[in-house]
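A quick write-up on the structure given underneath.
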Amino acid sequence: MKKTYYLFNPGRLSRKDNTLKFTPVDEEGNDLKPRYLPVEQVDQLYVLGSLDANSALYNFLGKNDIAVHFYDYYENYTGSFAPKCKLLSGKMLIAQTQAYLKKSKRIVVAQSFIEGASFNMLKNLRYYDNRGKDLMPVIDSIELLREKIGETKEIDELMGIEGNIRKNYYDAFNLIINDHEMGIRTKRPPLNIVNSLISFGNMMCYSECLRAIQKTQLEPTISFLHEPGERRFSLALDLAEVFKPFLVDRVIFKVLNKKEIQENDFEEKLNQIVLKEKGKKKFIQAFEKRLEETIKHRSLNRSVSYKHLIKLECYKLQKHLLDIEEYKPFKIYW
């Protein structure tokens, strides 16, 4: 099975026969011991440090269907290199575009994303409420807001409900996380440890959703909940809403409550809190472990990984857009 590789150090990526050669460099620019990655084992690369590479290298990556995701020093996602799409479908593109343009179809898909996301948030809250965290007031508030999802007629109205649901949900983080305050949600820049982990984790989830979309016939720039715009793959933002509660948030609760990540794994830069390299490695290790966990899939009647669930969600959306089967968002059932 192909794997995801993470490049933390600045360095140079090149081709060596049928292998990827990554040569890290130290602070003085001196070459360190190179690392070799057999190309047939690589699915995607996450670049978290500066990278030197030429067009020949990217041609090689494209031919071998390897995606590359780039992040800046402050943990912001800056873009992706995507191999040429091999699953082009004019029929699928037309259906997806028509569903976006037709207001009644778009709102149904957008509502489904929020329905799934809020259900999975409640699953998290009930899990910790059953462990003595007294989260019923927050749960009740979100339940009332969820009742309004199906009544919405406009995307802005739906986004307003989603914003209120998420505000209540994030308020509960102060009760779930033992030794750190969530405070208010701050994104750019994140102002404390919890916000820093949320921002970094959400970007990881976004990249995983983008990679799953690229392996299907869906067009990643045509979305339904988030408004399509310039220079972003907004369908990945839509899809990530469903998966963030149990792929990102549960990992955050685990690494903080079990003290796998601590204050010395962060640093303050330009009035924002960012993960140090060792902190990023710890979070990524926990995130990857989560992606590899498996569940018994009810419909397929076999074990599938959380990572594969994202791709299955893309297939469900395709069927909906082609009027084959109504889209029902993935909801945690364990």
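Both backbone and side-chain heavy atoms feed into the values below; hydrogens, waters and symmetry mates do not.
- Not one N or O on the side chain of Asn76 forms a donor-acceptor pair closer than 3.5 Å with the backbone of Ser199.
- Side-chain contact, Ser303 with Thr294: no donor N or O sits under 3.5 Å from an acceptor N or O.
- The environment of NZ in Lys278 is crowded: more than 12 heavy-atom neighbours from other residues, nucleotides or ligands sit within 6.0 Å.
- Of all heavy-atom pairs between Ser112 and Pro329, the closest is O-CG, 3.1 Å.
- Side-chain atoms of Arg298 never come within 3.5 Å of backbone atoms of Leu300 as a donor-acceptor pair (strictly under, hydrogens ignored).
- Under a cut-off of 6.0 angstrom, the local environment of CD in Glu157 is crowded, with over 12 non-hydrogen atoms contributed by other residues, nucleotides or ligands.
- Between Lys331 and Asn120, the closest side-chain pair of non-hydrogen atoms falls below 4.5 Å.
- Between Gln98 and Lys105 the shortest side-chain heavy-atom distance does not fall below 4.5 Å.
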Check against side-chain contact (heavy atoms from CB on, under 4.5 Å), Tyr46 and Ile284: CA-CA 11 Å; Tyr46 280 70; Ile284 287 170; over 6 Å; no
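- Of all the heavy atoms in Asn257 and Ile177, the pair that sits closest is OD1-CA, 3.4 Å.
- Remark: of the listed residues His320, Lys316, Glu313, Glu313 is the sole one forming a side chain to side chain donor-acceptor pair (under 3.5 Å) with Tyr327.
- In plain terms, the two heavy atoms of Ser14 and Leu57 that are nearest each other are C-CD2, 3.7 Å.
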Stepwise side-chain contact (heavy atoms from CB on, under 4.5 Å) test for Phe224 and Ile155: CA-CA 9 Å; Phe224 304 93; Ile155 295 297; over 6 Å; no
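- For Lys102, the NZ atom counts as loosely surrounded, since its 6.0 Å shell holds 12 or fewer non-hydrogen atoms of other residues, nucleotides or ligands.
- Distance alone, capped at 3.5 Å, places no donor-acceptor pair between the Tyr315 side chain and the Thr216 backbone.
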Arg106 vs Glu227, salt bridge (Lys or Arg N to Asp or Glu O under 4.0 Å): CA-CA, chis, key distance, verdict: CA-CA 11 Å; Arg106 180 185 176 185; Glu227 197 67 38; 3.0 Å; yes
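- Remark: side-chain polar atoms of Asp238 are paired, donor with acceptor, to backbone N or O of His226 under 3.5 angstrom.
- One N or O on the side chain of Asn64 and one on the backbone of Phe60 form a donor-acceptor pair closer than 3.5 Å.
- Between Glu293 and Lys289 there is no salt bridge, since none of the side-chain N atoms of the basic residue sits less than 4.0 Å from a carboxylate O of the acidic one.
- Between Glu208 and Gln44 there is a side-chain heavy-atom pair separated by less than 4.5 Å.
- Between Leu291 and Thr4, every side-chain heavy-atom pair lies at or beyond the 4.5 Å cut-off.
- Arg211 contributes a side-chain N or O that, together with a main-chain N or O of Asp43, makes up a donor-acceptor pair within less than 3.5 Å.
- Side chains of Glu292 and Ser305: no donor on one and acceptor on the other come within 3.5 Å.
- Checked by atom type and distance alone, the side chain of Ser141 pairs as donor or acceptor with a backbone atom of Pro137 at under 3.5 Å.
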Ile161 vs Ile114, side-chain contact (heavy atoms from CB on, under 4.5 Å): CA-CA, chis, key distance, verdict: CA-CA 9 Å; Ile161 293 173; Ile114 299 304; 5.5 Å; no
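- Counting only distance, with no hydrogens or angles, the side chain of Thr78 and the backbone of Phe70 share a donor-acceptor pair below 3.5 Å.
- Side-chain atoms of Leu48 and Phe200, non-hydrogen and from C-beta on, do get closer than 4.5 Å to each other.
- Under a hydrophobic clustering in which Ile, Leu, Val, Met, Phe, Trp and Tyr are joined whenever their side-chain heavy atoms come within less than 4.5 Å, directly or via other members, Ile332 and Leu309 fall into the same cluster.
- Because its NZ or CZ atom is both nearer than 6.0 Å to the ring centre of Tyr127 and within 45° of the ring axis, Arg250 counts as a cation-pi partner of that residue.
- Residue Glu263 forms a side chain to side chain contact (heavy atoms under 4.5 Å, CB included) with just one option from Asp179, Ile273, Ile193, and that option is Ile193.
- Looking at heavy atoms from C-beta onward, Pro220 lies in side-chain contact with Leu210 at the 4.5 angstrom threshold.
- Figure legend: cation-pi geometry between Lys280 and Phe8 absent, as NZ or CZ is not positioned both under 6.0 Å from the six-membered ring centre and within 45° of its axis.
- The aromatic rings of Tyr77 and Tyr71 sit perpendicular to each other, their planes meeting at more than 60°, with 30° as the lower class boundary.
- Annotation: side chain of Phe113 is in contact with side chain of Leu239 (closest heavy-atom distance under 4.5 Å).
- Met136 places a side-chain heavy atom less than 4.5 Å from the side chain of Asp129.
- The environment of CD1 in Ile324 is crowded: more than 12 heavy-atom neighbours from other residues, nucleotides or ligands sit within 6.0 Å.
- Asp265 places a side-chain N or O within 3.5 Å of a backbone atom of Gln262 that can act as its donor or acceptor partner.
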Criterion ring-ring contact (aromatic ring centres under 6.0 Å, His included) on Tyr5 and Phe22, from CA distance to verdict: CA-CA 11 Å; Tyr5 288 86; Phe22 177 65; over 10 Å; no
CA sep, side-chain torsions, deciding dist, call: Asp31, Arg12, side-chain contact (heavy atoms from CB on, under 4.5 Å): CA-CA 9 Å; Asp31 289 355; Arg12 183 172 60 257; 3.1 Å; yes
Audit row: Glu277, Lys281, salt bridge (Lys or Arg N to Asp or Glu O under 4.0 Å) steps and yes/no: CA-CA 6 Å; Glu277 182 179 319; Lys281 289 181 178 179; 3.1 Å; yes
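- Remark: Asn30 CG is packed, more than 12 non-hydrogen atoms of other residues, nucleotides or ligands lying under 6.0 Å away.
- Within 6.0 Å of atom NZ in Lys276, more than 12 heavy atoms from other residues, nucleotides or ligands are found, so the atom counts as buried in its surroundings.
- Looking only at distances, a side-chain donor or acceptor of Gln96 sits under 3.5 Å from a matching main-chain atom of Ile222.
- Contact detail for Thr19 and Leu37: the closest heavy-atom pair is CG2-O, 3.4 Å.
- Here Phe287 and Tyr6 keep their ring centres 6.0 angstrom or further from each other.
- For the residue pair Gly183 and Asn174, the shortest heavy atom distance occurs at N-OD1, 3.5 Å.
- Here the CZ atom belonging to Phe173 is positioned 6.0 Å from the CE atom belonging to Met182, to the nearest 0.5 angstrom.
- In terms of heavy atoms, Ala236 sits closest to Tyr206 at CB-CE1, 3.5 Å.
- Counting non-hydrogen atoms of other residues, nucleotides and ligands closer than 6.0 Å to NZ of Lys2 gives a total above 12.
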